[in-house]
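This report refers to the structure that appears directly beneath it.
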Amino acid sequence: MNNVLLLLPPDRQVTRAIETALDLAEKRQAGLIAALVIDADAAHRSSNQMVDEGLVAEKVADQVSEALAREHRIRGQALLNEICQETRARGIECRTLMETGDPGAVCRRLVDTENVGAAILVAEKRSWLGRALGLGQALQPAALGSCEVIVVNED
Amino acid sequence: MATDTDFIVDTRPLWVILLGRSVRPLLLLATAGLYWLVVSLEPPAGLTPEGLRALATFVVCLVLWVSSALPLMITSLLAVILLPLGGVMPATDAYALFGNEAMFFILGVFILAACVMRSGLSTRIALTILHRFGHTPRGLLHSIFFLNAFMSFFMSVHAVAALSFPIIVEIVGVLNLRPHRSNYGRALFLAMAWGSTIGGVGTLLGGARAPLALGILRGATGESFSFLEWAAACLPIVALMMLLGLAVLALFFPIDITSIRDADEMLAEKQLALGRMRYEERAIAMVMFLTLLAWVFFGESYGLANIAIVAVIVLFAAGLATWHSVEQYVNWGVILMYGGAIALGTAVNQTGAALWLSQQTVSAWASSPSAAVAIISGMSIVLTESMSNSAVVALMMPVTLGVAADFDMPLRIMALVVAVPAGLAFAFPIGTPANAIAFSSGYLRMRDITLPGAVLAFGGWCIFNVVANYYWPLLGIHMHVP
């Protein structure tokens with residue numbers, strides 16, 4: 001049985017992606033792996049930017065990043081619990097995990113080791129102003145060998 | 001098996017990818033070309049060859065500060081070496097400007113703030129005020145707004161925002177407010193950012209903008225403002241901006257929750273966990289209070305920087321601070337950034353480049369001192385939305401000193417006209433670290449901050465000009481030399 005992997009970023013609106021993942025898992029009678037990955041580099045990037053451009057002290061910038069990471073973990077755990085309840089209510093086998101690291105590397109590892117047949121990624125929604133100012137990052141679709149990649153837009 | 005190299009496939013066109021990776025080196029090359037182009041021009045009428053070379057250095061800094069192609073402090077270092085290399089001023093003079101009094105005032109203030117933060121005194125004050133006044137949704141929102149403004153009278157804006165950010169993150173967490181969806185969540189983070197920003201213009205301690213402006217002013221003219229004069233000129237702006245800020249928050253983000261009982265309990269628990277006020281906190285609070293009194297009453301006779309440094313020495317002598325603990329709370333790049341900015345400002349002014357530049361720009365557009373103030377404050381507000389507040393001051397101050405000379409205005413008024421609006425960044429996350437910190441919460445979308453922020457910035461510009469024209473003369477700060 002091929003599993004469906006739902007790769008979640010911590011600070012995005014992902015209701016549509018969750019629905020898509022549940023529908024797909026139900027249709028294929030597959031298990032669902034919901035993975036929430038906190039991008040470790042993103043925290044460092046924002047911290048470095050604050051130090052370089054905002055002249056914020058390193059310790060102060062780190063405190064902001066740590067508070068944000070803590071919030072992401074708490075919010076992420078709550079989201080994973082919700083997904084698990086919903087999945088089990090629909091009779092689908094569910095496994096959740098939360099990691100800090102490179103989302104791409106985590107996705108690749110799970111695809112390689114967890115018999116994943118389809119990976120659902122969330123595309124960040126950006127306003128024209130956000131794009132113009134270079135805020136956030138554009139989604140870079142991944143090639144995962146034989147694994148099907150489905151990109152779902154943020155709500 | 002997939003490997004690191006074959007995982008990410010960037011589907012953008014090749015030229016977009018190459019352009020994205022080449023922007024920085026291309027910009028640096030273009031800036032070098034621009035410098036060479038300007039210095040190789042024949043000096044226009046009214047500008048000396050030294051003035052032209054100072055202007056070329058000014059243009060280089062303008063491009064690099066606006067684009068952030070180099071860190072701000074590295075651009076400042078570049079300015080310091082370009083001035084002697086371009087024959088604008090001797091190297092010893094350029095480097096000596098790092099010893100400006102404003103530099104040591106900024107340094108002293110940052111170290112004092114570091115001691116306050118590290119001791120936990122600032123967190124205690126924040127929790128006490130929030131727990132005391134924040135029992136209802138509106139009360140908590142207003143408490144955060146006023147608390148951040150009040151604390152920014154004594155500490156730099158970004159330090160205040162960073163200090164209250166973890167508390168607000170916990171509040172939205174226990175209230176289970178949904179990112180991007182909850183009006184109240186958005187309002188809390190904006191109250192944090194905007195409250196800090198508005199309060200930061202109230203005194204000389206809210207950031208390094210005002211001391212930097214005074215440093216450039218003193219370097220160029222020998223004039224300055226006392227601590228009390230500056231606060232008296234700026235606090236009415238803060239008061240009016242606070243009212244406007246509350247109105248904007250109420251208009252754009254109507255409160256959509258009825259109870260904050262969980263947050264109230266959480267704040268009570270956190271306050272309880274802090275325990276009784278420790279000796280270290282009491283002693284630091286006392287030193288801060290006495291320093292403040294000294295700035296107000298003896299600032300002119302003993303010098304603001306001297307008082308700040310004495311306070312720092314007292315803290316270390318009393319064992320209330322250690323170098324290791326303090327150094328992590330201060331961004332030492334400010335010394336390079338502000339030292340270079342003061343050197344550049346002095347050079348542009350002394351060579352006559354400032355006067356020439358002002359005659360080509362603001363002086364040509366404005367018909368009266370009031371119009372010049374309106375234009376300069378408007379430019380400061382627009383620029384500060386997209387670049388560092390301090391870089392705005394560094395770029396605008398020299399030019400505006402030329403404008404003041406053109407219109408027969410007191411030169412020192414320009415420190416207020418540039419530094420205060422340069423602190424009023426509300427509309428973009430990149431405008432100031434306080435906005436960036438609020439935006440990083442994930443609760444705000446761009447449109448949540450741009451439109452209300454633009455309304456607040458425009459309102460700020462109106463308030464500033466009304467105060468400058470009708471209130472400052474009552475304090476003896478006139479638009480014309482009497």
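Order of the sequence lines fixes the chain letters, A, B, ..., with proteins taken first and strands second; residue numbering starts at 1 for each chain. The figures here come from the full heavy-atom set of this structure, side chains too, leaving out hydrogens, waters and symmetry mates.
Close approach to chain B, defined as a heavy atom under 4.5 Å from one of its heavy atoms, is seen in no residue of residues 83-92 of chain A. Heavy-atom proximity under 4.5 angstrom to chain B picks out A/Gln63, A/Val64, A/Ala67, A/Leu68, A/Arg70, A/Glu71, A/Arg75 from residues 62-75 of chain A.
Looking at B/Tyr443, only its side chain comes within 4.5 Å of chain A, counting heavy atoms on both sides. Contact annotation for B/Arg118: neither backbone nor side-chain heavy atoms come within less than 4.5 Å of a heavy atom of chain A. Only the side chain of B/Phe165 comes within contact range of chain A, with heavy atoms under 4.5 Å apart. No part of B/Arg445 comes within reach of chain A, as not one of its non-hydrogen atoms sits under 4.5 angstrom from that chain. The part of B/Val330 that comes within reach of chain A is its backbone (N, CA, C, O), which places non-hydrogen atoms under 4.5 angstrom from that chain.
For B/His158 against A/Val60, the heavy-atom pair with the smallest separation is O-CG1, 4.5 Å.
The candidate with the highest count of non-hydrogen atom pairs below 4.5 Å against chain A, out of B/Arg181, B/Met117, B/Arg178, is B/Arg181. When B/Ser441, B/Gly333, B/Ala161, B/Ala434 are compared by the number of non-hydrogen pairs under 4.5 Å with chain A, B/Ser441 comes out ahead. Your options are B/Trp65, B/Tyr329, B/Phe110, and the one with the most heavy-atom pairs under 4.5 Å with chain A is B/Tyr329. Contact tally against chain A (heavy-atom pairs below 4.5 Å) for B/Leu163, B/Val169, B/Ile74, B/Thr432: the top residue is B/Val169.
Environment of CD in A/Glu58: sparse, with no more than 12 heavy atoms of neighbouring residues, nucleotides or ligands closer than 6.0 Å.
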